[in-house]
Amino acid sequence: MKIVIGGAGKVGSLILKELAAEQHELILIEQDADVLENNIAQADISGLVGSVTSIEDLQEAGVADADFFIAVTENDETNIIAAIMADRMGAVQSLARVRNPQYSSQMTFIRDSLGINQIINPELEAARDIAKILKYPAAKSVDSFFGGRALVIELRLPDKSKLHGLKLVDFRKRHPEILIGTISRNDEVIIPRGHAEIRSGDRLLILGTIRPLDRLYQDLGLKQSPQRNALAVGGGKITHYLLKMLQGSGTNFTVIERDRKIAEELAANFSEHRIIVGDGTDYNVLEEQKIEGCDIFLAMTGIDEENILTSLYAKQRGVPRYFTKVNRTAILKIIGSDALQAVITPKRIIADRVLRLVRATQNSEGSNVEALFRLLDNEVEALEFIVKDDAKILDTPLASLKIKEDCLVALISRGREIIMPSGKASIQAGDHIVVMSKKSQLEDVDDILED
């Protein structure tokens, strides 16, 4: 597919890298010649130095016959204008990154009235992720399928876990409505079969509907505790959206923000919470704000190192739930994947959504990718497909299909019924299915089969 990308900041560079790996024709428009040259050197792309709001530059990039135009510059208004121009010039689909909270309530109007196919707000999506994770103690991430009717939870088992030594076949007998999709152990990720054994310290991807997952949590002794006090360091967009989402939840927030103007804006919009002007990386300030008495801690500044250090301090002070915003995820390999509880990466949210849209468009005549999540440090993809009536996998027991070893059919949604598949289960046309895939770039549901 031909894809034109405007802007090569953190988000644009990641999208370029991900799409280049999938062999698309990529053209980058970037104002900074050095940034452009660096991206061309790192990926198989072409590009030009120019502006995404210049008709001449858009024409030179070939926007008129592009399948996608993606505007991800640092300026919301520039992205909106560029996406509108691309739509008018003939791009099949146009996407714009829009981050300002002032636009959050106008997303539908902007999208429908101005001809933009997709508006992506990474900070808003990050806040939604945090709100979901808060419902499940000890979860590192929570993602949803089938319109929120099924969940995939990443959970690290503690030492001396009740599940230690249990084989998957016995786990399914105890929890028949739950499936363990992958196990990560000693930096190795496996798609487990029935004979596999669960061990303390494993990182699991667990799939199921809400009530069975709640019962599993009760069985593991991971009951939801009241979350009355939250302390956030950094009063940026994620914090703004989260404060708005949790209004009326009974959670009392204290926000520490260096920038007085940002702090005053938060105080004006959320007068029920305490907004402090100060340095949240100073442990004296954290102690003054009673960090040890918090139920939730959020490190949401724009500096990864500060977020990691303050989160580790919160962990040391016994805070039960803490969230860490990290954009340069390579730094996590230095400190270890289990050092932090829940890592939030806004640019990854955009990249995953763009990949889903591109794959779905590529296969518009086949099985559409309805949702895509990267899990376990991007080692695993969880994809939701709609199965069309010409799929090769139809009406055959799963045990009889030659499914790749690194793939697993984890959930089936048929009408209002959600099925935890066994070897006897078969897939029908119109089903929504979730596939767990280890490092496979699945574009169509039949890609799960051996060649």
Side-chain angles (χ1 to χ4, degrees), residues 1 3 5 11-12 14-24 26 67-68 70 72 93 95 97 117-122 124-126 128-129 132-133 140-154 179 181-182 184 189 191 205-207 329 343-388 391 393 403-404 406-413 418 427 431-448:
M1 299 183 73
I3 303 172
I5 297 176
V11 172
L14 179 60
I15 292 173
L16 282 165
K17 180 180 178 181
E18 297 282 0
L19 292 176
E22 302 200 358
Q23 307 300 310
H24 296 288
L26 301 172
D67 297 290
F68 276 90
I70 305 168
V72 285
Q93 294 204 52
L95 291 79
R97 179 179 74 165
N117 296 95
Q118 293 287 335
I119 300 289
I120 303 176
N121 186 327
L124 177 58
E125 295 302 321
R128 286 173 176 161
D129 283 353
K132 285 189 293 186
I133 295 171
K140 293 178 72 70
S141 67
V142 177
D143 294 297
S144 61
F145 295 99
F146 311 147
R149 293 186 297 128
L151 303 174
V152 53
I153 294 176
E154 180 183 341
L179 184 141
T182 65
S184 176
V189 178
I191 304 289
L205 291 181
I206 302 172
L207 299 98
T329 51
V343 174
I344 306 298
T345 307
K347 70 176 184 179
R348 169 57 58 189
I349 294 171
I350 286 193
D352 287 354
R353 185 162 174 184
V354 169
L355 280 175
R356 171 169 62 88
L357 290 168
V358 169
R359 291 193 197 177
T361 302
Q362 252 186 326
N363 293 278
S364 59
E365 301 301 321
S367 300
N368 290 342
V369 178
E370 288 293 293
L372 180 153
F373 299 103
R374 298 287 187 84
L375 305 164
L376 293 177
D377 304 325
N378 300 322
E379 290 292 321
V380 174
E381 288 187 348
L383 303 101
E384 178 184 342
F385 292 98
I386 300 177
V387 183
K388 297 298 182 67
I393 62 173
I403 297 175
K404 294 176 180 176
D406 63 355
C407 293
L408 174 71
V409 178
L411 292 169
I412 301 172
S413 175
I418 294 179
I427 297 168
D431 285 350
H432 289 237
I433 70 169
V434 172
V435 174
M436 309 295 291
S437 171
K438 180 185 173 184
K439 295 183 179 179
S440 293
Q441 296 175 349
L442 304 181
E443 296 177 352
D444 186 90
V445 71
D446 286 332
D447 289 342
I448 70 175

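The first residue of the sequence shown is numbered 1, and numbering continues consecutively from there.
Applying the salt bridge (Lys or Arg N to Asp or Glu O under 4.0 Å) test to E384 and every residue at least two apart in sequence or in another chain returns nothing. In this structure F146 satisfies the ring-ring contact (aromatic ring centres under 6.0 Å, His included) test with no other residue, sequence neighbours excluded.
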Quiz prompt | Working for side chain to side chain contact (heavy atoms under 4.5 Å, CB included), residues E18 and V354 | solution = CA-CA 9 Å; E18 297 282 0; V354 169; over 6 Å; no

Quiz item: Can you list the steps and then say if D444 with D447 is a side chain to side chain contact (heavy atoms under 4.5 Å, CB included)?
Solution: CA-CA 5 Å; D444 186 90; D447 289 342; 3.9 Å; yes

Quiz item: Going through the distances and angles, do K404 and K438 end up as a side chain to side chain contact (heavy atoms under 4.5 Å, CB included)?
Solution: CA-CA 10 Å; K404 294 176 180 176; K438 180 185 173 184; over 6 Å; no

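A side-chain donor-acceptor contact under 3.5 Å links R149 and S413.
Between I403 and I393, the closest side-chain pair of non-hydrogen atoms is not below 4.5 Å. With a 4.5 Å cut-off on side-chain heavy atoms, M1 and Q93 do not count as touching. Here the side chains of K132 and S144 are in contact, with some heavy-atom distance below 4.5 Å. Considering only heavy atoms from C-beta on, R348 stays 4.5 Å or farther from T329 through its side chain. For the pair C407/L442, a side-chain contact is recorded, criterion being any heavy-atom separation below 4.5 Å from C-beta on. Proximity of F68 to L19: side-chain heavy atoms (C-beta onward) are nowhere separated by under 4.5 Å. H24 is not listed as a side-chain neighbour of D67, based on a closest heavy-atom distance of 4.5 Å or more. Side-chain contact between I412 and I427 is present, with at least one heavy-atom pair separated by less than 4.5 Å.
L205 and M436 make their closest contact through CD1-CE, 3.5 Å (heavy atoms, listed as atom of the first residue, atom of the second, distance). Residues L375 and S141 approach most closely at CD2-OG, 4.1 Å, considering heavy atoms. Taking both residues in full, the closest heavy atoms of D446 and A391 are given as OD2-CA, 3.5 Å, listed atom of the first, atom of the second, then distance. Nearest heavy-atom pair across A20 and L26 is N-CD1, 3.5 Å.
Here R353 contributes atom CZ and Q118 contributes atom CD; the two are 4.5 Å apart, rounded to the nearest 0.5 Å. Note that CG of L95 is 4.5 Å distant from CD1 of I120, once rounded to the nearest 0.5 Å. From L14, atom CG reaches atom CD1 of I350 across 9.5 Å, with rounding to the nearest 0.5 Å. For the atom pair CD1 of I5 and CD1 of I70, the computed distance is 4.5 Å after rounding to the nearest 0.5 Å. Atom CZ of R374 and atom OG1 of T345 lie 12.5 Å apart (nearest 0.5 Å). Residue I206 holds its CD1 atom at 10.0 Å from CD of E154, rounded to the nearest 0.5 Å.
With salt bridges taken as basic N to acidic carboxylate O contacts below 4.0 Å, none links R356 and E381.
Under the side chain to side chain contact (heavy atoms under 4.5 Å, CB included) test applied with I448, the options L383, D406, V435 reduce to a single match, V435. Of the listed residues (V152, L151, I133), just one forms a side chain to side chain contact (heavy atoms under 4.5 Å, CB included) with D143, and that residue is V152.
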